[in-house]
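Chain naming here is simple, since letters A, B, ... match the order of the sequence lines and numbering starts at 1 in each.
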Protein chains: 2
Amino acid sequence: MIRMIPNKVNTSKYFAFMYNIALFQGIKKEDLNEFFAKMQIEQYHKGEIQQFNPKQHSKLYIVFKGTFKLTNTNVDGDEIVLSLFSAGDAVTPLYFSPYFDVSAGFIEDTILFHFKENDVQRFVKNNHQFSMNNIKFLANSVQNLMITNTVLQLKTAKERVGWFLAHGKINNNSELPVSKNIIASFLGITPESFSRALSSLKNDGVTINNKIIQLDNGDELCKYCDRVTGSNCSLFRTEPCAHY
Amino acid sequence: MIRMIPNKVNTSKYFAFMYNIALFQGIKKEDLNEFFAKMQIEQYHKGEIQQFNPKQHSKLYIVFKGTFKLTNTNVDGDEIVLSLFSAGDAVTPLYFSPYFDVSAGFIEDTILFHFKENDVQRFVKNNHQFSMNNIKFLANSVQNLMITNTVLQLKTAKERVGWFLAHGKINNNSELPVSKNIIASFLGITPESFSRALSSLKNDGVTINNKIIQLDNGDELCKYCDRVTGSNCSLFRTEPCAHY
DNA sequence: ACTAAACCTTGATATAAATCAAATATATTA
DNA sequence: TAATATATTTGATTTATATCAAGGTTTAGT
């Protein structure tokens, strides 16, 4: 990991990016600028793994560029992917227990902005909107994890893959965000099952070429979609929708 | 569901209970009393099901008495248990998406205290400690859900049951909090598999009699324990501990 | 552009847990 | 307390997916 100090050119670029992050919406620019002045930049290389030991990592991170997976390793050494992060996402190991040992595994070269615990705490304390945004952010994480939970308990391998693809499609990612084996691990299945699920979906009109998802009709994934994700879909509550 | 207005005797009992809830720690009693004055009491009977439609239920609930399960039903009609709540727990459907359709299923006669959205929002806005407590509460939920997630992806049926029992043991519940089939659903397995897992655990020295968990040695469940839960265990980092 | 490594697919087989079915135990209600 | 409903256990069978194994493809680095 390399720490950098932003130069002037970068600063304006970085700040412009940060103004659009959900966590910072509705806050006066002068307050944000004061807070952003404290941010540090960390650069990670593909393949690096960073323990989220809260002693060193009681922080707030924003992903500026790149992709990483949040993982947890069990006693047997098996790794599971808890979630995936890319540009614009926020992570708050700030609030994790010191005994919760998750790691960040960098899938691409990645640039993170980070804030130290004290600075975040102070900003939460002094800025009501920021504290509200934190609440919204965390509540949203709770909801997403509950949905993931449902998917993991309920679905067959094919349904899980279908759900993942539907999710991506609705959020306008017609491209797989990471390699198939990482998605498989996130969905709690093996790469082999993932591959077989995809070949079964191919018969239903869902093709993946070079990580690009293509649909024959456009509604092939509707049956796999959850209601919260679906509410952002252009087909929501129209005839093909599962929640019609 | 029955709505009640607390009478004077109840009020002092209820308030005393509420002062101990994590969400209200570190807040001046006068501020709490003002907030608590707005609380309503809802009484539910065993077997009742209540949709958490956020239009009607944009609220904060505290469980005073009883037990309920938060459930989600899929397209096939299968029900999965997302989490279990009992006295002292808090639920904040306040922050759920209107499209996230979870229900509360009451397992015993239950008394909930509830606060309306506007009152909560105002208190969050005016009381910094309360907003911090909300952040902590939600962050803790995030962490617990991530742990549940790991358990659901990683463990065999026996390991899941072992984890659940270890969890209960460490939190001093040597009694199963709900019936076995509800726990099975929470763990994402069938009642049959749950039963077989228990009979396998019996060979390892874990017996369940009338919902009471008994351990021959006391360390039989250590191998199933996660690190965060384990950090509250008297055996943490001693020889039998999985995280030694 | 070449080579090595990482990733993906396909097939054969094994296996854990679901399903189906029936019996037993426990809890609830009249 | 009996009658009924609900929950739990146990056994037999099926099934989805993991595992094992090998071949093919893509990616990354020199």
Side-chain angles (χ1 to χ4, degrees), chain A residues 45-49 66-67 69 74 76-81 105-109 151-162 164 175-203 206-213, chain B residues 45-49 67 69 74 76-81 105-109 151-164 175-203 206-213:
Chain A
H45 283 298
K46 180 176 169 171
E48 265 188 273
I49 292 169
T67 319
K69 53 185 181 177
N74 81 332
D76 312 342
D78 298 331
E79 179 195 275
I80 77 134
V81 176
F106 293 92
I107 295 163
E108 303 168 3
D109 289 355
V151 172
L152 290 177
Q153 280 201 33
L154 221 51
K155 309 280 179 169
T156 63
K158 186 179 177 181
E159 286 171 316
R160 292 185 199 191
V161 174
F164 186 88
E175 195 180 345
L176 298 183
V178 293
S179 67
K180 292 176 183 174
N181 68 79
I182 292 171
I183 300 173
S185 170
F186 174 66
L187 295 174
I189 58 177
T190 57
E192 292 96 324
S193 295
F194 188 90
S195 178
R196 285 187 246 264
L198 279 186
S199 77
S200 167
L201 282 166
K202 198 174 225 164
N203 298 329
V206 182
T207 319
I208 300 207
N209 256 327
N210 255 45
K211 290 192 159 193
I212 307 287
I213 307 159
Chain B
H45 284 298
K46 183 177 166 168
E48 265 187 273
I49 291 168
T67 318
K69 54 183 179 178
N74 79 333
D76 313 341
D78 299 330
E79 178 194 273
I80 77 136
V81 176
F106 293 92
I107 294 163
E108 304 169 2
D109 290 355
V151 171
L152 291 176
Q153 281 202 31
L154 222 48
K155 308 281 180 172
T156 64
K158 186 179 179 183
E159 287 172 315
R160 291 185 201 192
V161 174
W163 171 81
F164 187 87
E175 194 180 346
L176 298 184
V178 295
S179 67
K180 292 175 184 176
N181 68 77
I182 292 170
I183 300 174
S185 169
F186 173 65
L187 295 174
I189 57 178
T190 58
E192 292 95 326
S193 294
F194 187 89
S195 177
R196 285 186 244 265
L198 277 187
S199 78
S200 167
L201 282 166
K202 199 174 226 162
N203 298 329
V206 182
T207 320
I208 300 208
N209 257 325
N210 256 46
K211 289 192 162 195
I212 307 287
I213 306 159

I'd like to check B:Glu175 versus B:Asn210 (side-chain heavy atoms, cut-off strictly below 4.5 Å). Are they in contact?
no

Over the length of the helix from C:dT9-D:dA22 to C:dA30-D:dT1, how much do the five-pair end axes diverge, rounded to 10 degrees?
50°

Quick one, A:Val161 and A:Phe194 - any side-chain contact, counting heavy atoms below 4.5 Å?
yes

Could you give the CZ-to-C1' distance, from B:Arg196 to C:dA17, as a whole number of Å?
8 Å

Are side-chain heavy atoms of B:Phe164 and B:Val151 found at a separation under 4.5 Å?
no

Does a side-chain N or O of B:Ser193 approach OP1 or OP2 of C:dA17 to a distance below 4.0 Å, or not?
no

Between B:Gly188 and B:Leu152, what is the shortest heavy-atom contact and its length?
N-CD2, 4.3 Å

Which pairs, protein N/O on one side and nucleotides 25-30 of chain C N/O on the other, fall under 3.5 Å?
| residue | atom | partner | partner atom | Å |
| --- | --- | --- | --- | --- |
| C:dT28 | OP1 | B:Lys46 | NZ | 2.6 |

Rounded to the nearest Å, what distance is computed from the CG atom of residue A:Leu176 to the P atom of nucleotide C:dC7?
15 Å

Here the pair of heavy atoms bringing A:Glu108 nearest to A:Gly66 is OE1-CA, 3.5 Å

Taking for A:Glu192 and for A:Lys211 the nucleotide of DNA chain D with the nearest heavy atom, the one nearer the 5' end belongs to A:Glu192

Can you measure A:Phe194 atom CZ to C:dC8 atom P for me and round it to whole angstrom units?
9 Å

Taking the side chain as every heavy atom from C-beta outward, state whether B:Val81 and B:Val178 have any atom pair closer than 4.5 Å.
no

According to a strict under-4.0 Å criterion, is A:Thr190 in side-chain N/O contact with OP1 or OP2 of D:dA18?
yes

Could you give the CD-to-C1' distance, from B:Glu159 to C:dA17, as a whole number of Å?
14 Å

B:Ile189 has an atom CD1; how far is it from atom P of C:dA18, in whole Å?
7 Å

Among the nucleotides C:dA18, D:dT9, C:dT10, which one has an atom lying closest to any side-chain atom of A:Ser195?
C:dT10

Scanning both residues in full, the closest heavy-atom pair of A:Ile107 with A:Lys46 reads O-CG, 3.3 Å

Which heavy atom of A:Arg160 sits nearest a heavy atom of A:Leu187, and at what distance?
NH1-O, 2.6 Å

Residue-level proximity of residues 178-186 of chain B to DNA chain D when a heavy atom falls under 4.0 Å:
B:Ser179, B:Lys180, B:Asn181

What is the separation between atom CD1 on B:Ile107 and atom P on D:dA7, rounded to the nearest whole Å?
11 Å

Nearest 0.5 Å please: distance from the CD1 atom of A:Ile183 over to the NZ atom of A:Lys211.
7.0 Å

Let me know the distance between CD of A:Glu108 and C1' of D:dT27, rounded to the nearest Å.
13 Å

Indicate, with a heavy-atom threshold strictly under 4.0 Å, whether B:Leu198 touches base, sugar-phosphate, or nothing.
nothing

For the OG1 atom of A:Thr67 and the CG atom of A:Asp109, what is their distance to the nearest 0.5 Å?
10.0 Å

Could you check whether B:Gly188 gets within reach of a base, just the sugar-phosphate, or nothing at all, counting any heavy atom under 4.0 Å?
sugar-phosphate

Rounded to whole Å, CZ of A:Arg160 lies from P of D:dA16 at a distance of 14 Å

A:Ile213 and side chain to side chain contact (heavy atoms under 4.5 Å, CB included): which partner among A:Leu198, A:Thr207, A:Ile208, A:Leu201?
A:Ile208

When rounded to the nearest 0.5 angstrom, what distance separates OG1 in B:Thr156 from NZ in B:Lys158?
8.0 Å

